[in-house]
Participant: 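Please find one structure pasted underneath; my questions will follow.
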Amino acid sequence: MRHEHLDGVLAIENQSFPSPWNRTAFASHLQHPEFAKYLIALVEHQVIGYTGLFFGGGQGQITNLAVHPDWRRQGIGTRLLLTLVDYCRVLGLQGVSLEVRVANTDAQTLYERFGFSKVGQRKGYYQETGEDAYVMCIFNLSSEEQTEKLESIQGDLDHHDFSNDFGN
């Protein structure tokens with residue numbers, strides 16, 4: 001992701017979350033590639049999805065994953081997450097975690113497909129709604145089981161006819 005993608009990212013952020021991040025938050029993260037990485041999905045130069053990662057100390061934290069409402073249920077979130085998890089493996093991270101709303105069962109299903117497990121619950125994590133969050137983790141990104149999961153997901157995606165550009 002580059003600064004010129006921020007308008008598109010912010011449009012999706014505002015349509016996806018009750019308390020969206022602002023431009024300053026994203027822009028400040030872009031200034032620190034030593035611990036932050038954002039990926040975007042583009043169709044004809046239009047941002048249709050994005051995801052972010054903080055990393056350090058051998059661990060990763062997925063900060064966000066969102067797809068424009070008009071583009072949901074087409075494999076874009078899966079492609080973004082696959083690319084991000086692959087990036088974690090390239091960085092040599094041992095594990096990766098995230099928080100997800102308890103009510104967001106669609107996202108939980110996606111994360112579980114990737115091998116994330118629910119390991120805890122944060123009460124009242126989302127301050128704007130008071131909603132709880134599940135903490136989900138993959139503990140061993142380099143395991144044979146994890147490699148097989150990712151290869152299976154990639155194989156499933158390879159059989160879909162969807163062309164788009166993923167950029168960073």
Side-chain angles (χ1 to χ4, degrees), residues 1-55 60-91 93 96-101 103-116 126 128-129 131 133-134 136 138 141 146-168:
M1 179 167 81
R2 296 188 299 265
H3 286 278
E4 65 257 26
H5 300 123
L6 287 178
D7 287 342
V9 167
L10 289 168
I12 296 168
E13 180 80 1
N14 286 318
Q15 293 175 20
S16 300
F17 303 108
S19 287
W21 287 11
N22 61 34
R23 180 178 299 275
T24 303
F26 285 106
S28 68
H29 298 161
L30 290 178
Q31 294 175 2
H32 295 284
E34 69 275 13
F35 67 78
K37 179 74 169 177
Y38 284 86
L39 303 175
I40 56 169
L42 296 171
V43 171
E44 298 177 5
H45 307 290
Q46 175 80 25
V47 177
I48 61 167
Y50 66 94
T51 188
L53 174 75
F54 291 160
F55 54 90
Q61 168 74 30
I62 296 175
T63 58
N64 40 29
L65 173 65
V67 174
H68 189 283
D70 293 345
W71 290 91
R72 291 181 184 155
R73 297 246 178 255
Q74 297 183 46
I76 296 162
T78 300
R79 288 176 185 269
L80 282 165
L81 188 57
L82 182 63
T83 304
L84 194 65
V85 171
D86 279 342
Y87 182 72
C88 290
R89 291 164 53 104
V90 167
L91 288 174
L93 301 180
V96 63
S97 64
L98 55 83
E99 287 89 12
V100 60
R101 291 177 190 277
N104 192 345
T105 56
D106 288 343
Q108 291 167 39
T109 299
L110 173 66
Y111 300 141
E112 287 168 349
R113 181 175 173 214
F114 274 79
F116 283 88
Y126 296 100
E128 71 281 356
T129 63
E131 189 174 354
Y134 287 127
M136 298 183 77
I138 298 174
L141 285 170
Q146 191 61 44
T147 299
E148 290 172 1
K149 278 186 194 299
L150 297 176
E151 287 173 353
S152 175
I153 293 167
Q154 182 64 58
D156 291 346
L157 289 173
D158 289 345
H159 291 97
H160 279 90
D161 183 23
F162 180 82
S163 60
N164 64 345
D165 299 320
F166 285 85
N168 54 32

Participant: Could you check if a side-chain atom of R113 sits within less than 4.5 angstrom of a side-chain atom of D156, using non-hydrogen atoms only?
Facilitator: yes
Participant: Quick check: do L81 and I153 have side-chain heavy atoms less than 4.5 Å from each other?
Facilitator: no
Participant: Could you work out, with side-chain hydrogen bond (donor to acceptor under 3.5 Å, both in side chains) as the rule, every residue matching S152, not counting sequence neighbours?
Facilitator: none
Participant: Taking all atoms of both residues into account, what is the closest heavy-atom pair of V96 and C88, and its distance?
Facilitator: CG2-SG, 4.1 Å
Participant: Rounded at 0.5 Å granularity, tell me how far OG1 in T147 sits from CG in D86.
Facilitator: 9.5 Å
Participant: Which heavy-atom pair separates I12 from V67 by the least distance, and what is that distance?
Facilitator: CG2-C, 3.8 Å
Participant: What pairs with A11 under side-chain contact (heavy atoms from CB on, under 4.5 Å), at least two apart in sequence or on another chain?
Facilitator: none
Participant: How about I62 and Y111: do any of their side-chain heavy atoms sit closer than 4.5 Å?
Facilitator: no
Participant: Just to verify, what does R89 make a salt bridge (charged side-chain N to carboxylate O under 4.0 Å, His left out) with, not counting sequence neighbours?
Facilitator: none
Participant: Residues two or more places apart in sequence or in another chain: which of them pass ring pair (Phe, Tyr, Trp, His ring centres under 6.0 Å) with Y87?
Facilitator: none
Participant: Taking the side chain as every heavy atom from C-beta outward, state whether L65 and L110 have any pair of such atoms under 4.5 Å apart.
Facilitator: yes
Participant: Under the salt bridge (Lys or Arg N to Asp or Glu O under 4.0 Å) rule, what pairs show up with a residue in residues 65-77, not counting sequence neighbours?
Facilitator: R73-D106
Participant: Listed by chain and number, what are the salt bridge (charged side-chain N to carboxylate O under 4.0 Å, His left out) partners of E4, not counting sequence neighbours?
Facilitator: R2
Participant: Any side-chain heavy atom of V47 within less than 4.5 Å of one from L42?
Facilitator: yes
Participant: List the atom of A41, the atom of I76, and the distance in Å for their closest heavy-atom pair.
Facilitator: CB-CG2, 3.8 Å
Participant: Look at the aromatic rings of Y38 and H29 and report parallel, tilted or perpendicular, splitting at 30° and 60°.
Facilitator: parallel
Participant: Between L80 and Y50, what is the shortest heavy-atom contact and its length?
Facilitator: CD1-N, 3.5 Å
Participant: Quick check against the 3.5 Å criterion: does S28 have a side-chain atom that pairs as donor or acceptor with the backbone of A25?
Facilitator: yes
Participant: Nearest 0.5 Å please: distance from the CZ atom of F54 over to the NE2 atom of H32.
Facilitator: 10.0 Å
Participant: Sequence neighbours left out, what passes ring pair (Phe, Tyr, Trp, His ring centres under 6.0 Å) with F17? Give chain and number order.
Facilitator: none
Participant: If the condition is side-chain contact (heavy atoms from CB on, under 4.5 Å), which residues does Q15 pass it with, not counting sequence neighbours?
Facilitator: H68, P69
Participant: Run the side-chain contact (heavy atoms from CB on, under 4.5 Å) test against E128 and tell me which residues pass, sequence neighbours left out.
Facilitator: P18, S19, R101, Y126
Participant: Say you draw a straight line from NZ of K149 to CG of L141; how long is it, rounded to the nearest 0.5 Å?
Facilitator: 12.5 Å
Participant: Quick one: are F114 and L82 in side-chain contact, heavy atoms under 4.5 Å?
Facilitator: yes
Participant: Return the minimal non-hydrogen interatomic distance between L150 and V85, and the atom names on each side.
Facilitator: CD1-CG1, 3.8 Å
Participant: Nearest 0.5 Å, please: how far is CG in L98 from CG in N64?
Facilitator: 11.0 Å
Participant: Excluding sequence neighbours, so at least two apart, what forms salt bridge (charged side-chain N to carboxylate O under 4.0 Å, His left out) with E99?
Facilitator: R122
Participant: Quick one: side-chain contact (heavy atoms from CB on, under 4.5 Å) partners of E112, sequence neighbours excluded?
Facilitator: K118, M136
Participant: Please report the closest heavy-atom contact between F55 and P33, naming both atoms and the distance.
Facilitator: CZ-O, 3.5 Å
Participant: Drop me the distance from L93's CG to L53's CG, to the nearest 0.5 angstrom.
Facilitator: 6.5 Å
Participant: Considering residues at least two apart in sequence or located in another chain, which fulfil the salt bridge (charged side-chain N to carboxylate O under 4.0 Å, His left out) criterion with D7?
Facilitator: R23
